[in-house]
Amino acid sequence: MSGANATDTIAALAADADPAPQMIIDVGCGRGTATVRLARQYPSAIILAVDQSPGLLTVVRDRLSAQHRSTALIAADFHHLPLPTASADLALAGFCLYHSPRPRHALAEIARCVRPGGWIIATTKSADSYHDIDALIATSGLDPGADQRPSLYQTFHTGNAEAVAAAAGLTVQRRVDQQHIFEFADLDHLAAYAITCPKYRLPANLTDATSLAAELRRRAPDAGPTTASTVTYLIAQRP
């Protein structure tokens with residue numbers, strides 16, 4: 001892959017926005033990659049790691065156990081955060097808002113938890129991300145409609161992110177766009193990605209990466225395709 005590391009970029013943007021936050025919320029924390037980085041960057045801060053998946057929160061707990069004890073793990077829907085109003089100095093919504101059918105409402109709820117003048121960093125990708133892979137899957141005949149379905153990033157993407165933030169009552173102070181190029185090593189690498197992508201409707205007998213890679217090899221050149229995505233970072237303030 002070529003392009004700036006997302007976690008490094010988030011950490012740098014956070015440092016520019018607030019060099020010494022007392023409380024941070026990492027919404028949609030996933031496996032906790034950004035959580036761990038922010039815990040190292042702000043060792044004295046209280047960090048609230050929020051995700052709807054208890055299983056992912058367990059992963060975050062294990063990654064943080066020896067590094068940052070001032071972290072609370074919260075299983076919650078980001079449309080309804082069980083957090084006090086105006087309690088945090090900095091909130092991160094990293095690559096999660098596009099999972100919401102109502103990203104404006106989710107972003108407004110995150111903003112509610114941030115003090116006036118506090119910062120929100122929201123990240124997303126372009127609506128046409130990985131379209132080359134969609135086209136390859138469609139052309140192979142394994143899922144002819146793969147390139148016609150709505151983008152995984154349809155509700156919150158590079159094209160509408162600023163408008164959504166404004167509708168949520170935020171003031172966008174800065175925007176950073178980065179081009180990322182992904183090159184798959186081979187069709188085995190591609191198959192490992194494709195079976196995890198909810199966009200694809202693959203045949204029922206191709207539910208594992210090995211069988212999918214074998215079938216792709218029958219239908220497409222055994223070369224690692226290249227695809228691209230624009231990654232967008234919004235740095236906004238709650239008025």
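Count residues from 1 along the sequence.
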Check whether any side-chain heavy atom of [X] sits under 4.5 Å from a side-chain heavy atom of [Y], and report yes or no.
X      : Y      : value
Leu142 : Leu212 : yes
Leu152 : Ser129 : no
Phe78  : Leu107 : no
Asp132 : Pro225 : no
Thr158 : Ser229 : no
Arg149 : Asp143 : yes

Is there a donor-acceptor pair under 3.5 Å between the side chain of [X] and the backbone N or O of [Y]?
X      : Y      : result
Glu215 : Leu206 : no
Glu183 : Thr226 : no
Asp89  : Met23  : yes
Thr124 : Phe156 : yes
Asn160 : Thr155 : yes
Thr123 : Phe95  : yes

Let me check something: do [X] and [Y] share a hydrophobic cluster, defined by ILVMFWY side-chain heavy atoms less than 4.5 Å apart, either directly or through other members?
X     : Y      : answer
Leu13 : Val114 : yes
Val36 : Val59  : no
Leu56 : Leu73  : no

Task: Audit row: Leu97, Ile110, side chain to side chain contact (heavy atoms under 4.5 Å, CB included) steps and yes/no - done: CA-CA 11 Å; Leu97 289 170; Ile110 295 167; 4.2 Å; yes
Should the heavy atoms of other residues, nucleotides or ligands under 6.0 Å from [atom1] of [X] be counted, would the total exceed 12?
X      : atom1 : answer
Arg115 : CZ    : yes
Arg201 : CZ    : no
Gln178 : CD    : yes
Arg174 : CZ    : no

[X] versus [Y], closest heavy-atom pair with distance:
X      : Y      : answer
Ile195 : Ala209 : CD1-N, 3.6 Å
Ala194 : Ile137 : CB-CD1, 4.4 Å
Thr7   : Ala34  : CG2-CA, 4.2 Å
Leu234 : Glu162 : CD2-CG, 3.7 Å
Leu136 : Leu216 : CD2-CD2, 4.1 Å
Tyr42  : Pro19  : CE2-O, 3.4 Å

Task: Modelled atom types, side-chain donor and acceptor of His105 and Ser100, under 3.5 Å - done: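 Checked: His105/Ser100 side chains show no N/O donor-acceptor pair below 3.5 Å.
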TODO: Taking atom types as modelled, find out whether Lys125 and Tyr98 have a side-chain donor-acceptor pair closer than 3.5 angstrom.
DONE: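 No donor-acceptor contact under 3.5 Å links the two side chains.
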TODO: Check the pair Ile74, Leu83 against side chain to side chain contact (heavy atoms under 4.5 Å, CB included), reporting the backbone distance first and the verdict last.
DONE: CA-CA 10 Å; Ile74 301 170; Leu83 301 172; 3.5 Å; yes
TODO: Would you please name every residue forming a salt bridge (charged side-chain N to carboxylate O under 4.0 Å, His left out) with Arg112, sequence neighbours left out?
DONE: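 Applying salt bridge (charged side-chain N to carboxylate O under 4.0 Å, His left out) to Arg112 gives Glu109.
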Open item on the list: Under the rule for salt bridge (charged side-chain N to carboxylate O under 4.0 Å, His left out), what residues qualify as partners of Arg37, not counting sequence neighbours?
Closed with: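 Per chain and number, Arg37 pairs via salt bridge (charged side-chain N to carboxylate O under 4.0 Å, His left out) with Asp8.
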- [ ] Quick one: do Leu90 and Ile121 satisfy side chain to side chain contact (heavy atoms under 4.5 Å, CB included)? Show the steps, please.
- [x] CA-CA 8 Å; Leu90 172 68; Ile121 299 173; 4.2 Å; yes
Rounded at 0.5 Å granularity, tell me how far [atom1] in [X] sits from [atom2] in [Y].
X      : Y      : atom1 : atom2 : result
Thr35  : Arg63  : OG1   : CZ    : 8.0 Å
His157 : Thr232 : NE2   : OG1   : 10.0 Å
Ile133 : Phe182 : CD1   : CZ    : 10.5 Å
Arg217 : Leu190 : CZ    : CG    : 10.5 Å
Asp147 : Asp128 : CG    : CG    : 13.0 Å
Ile25  : Leu38  : CD1   : CG    : 12.5 Å

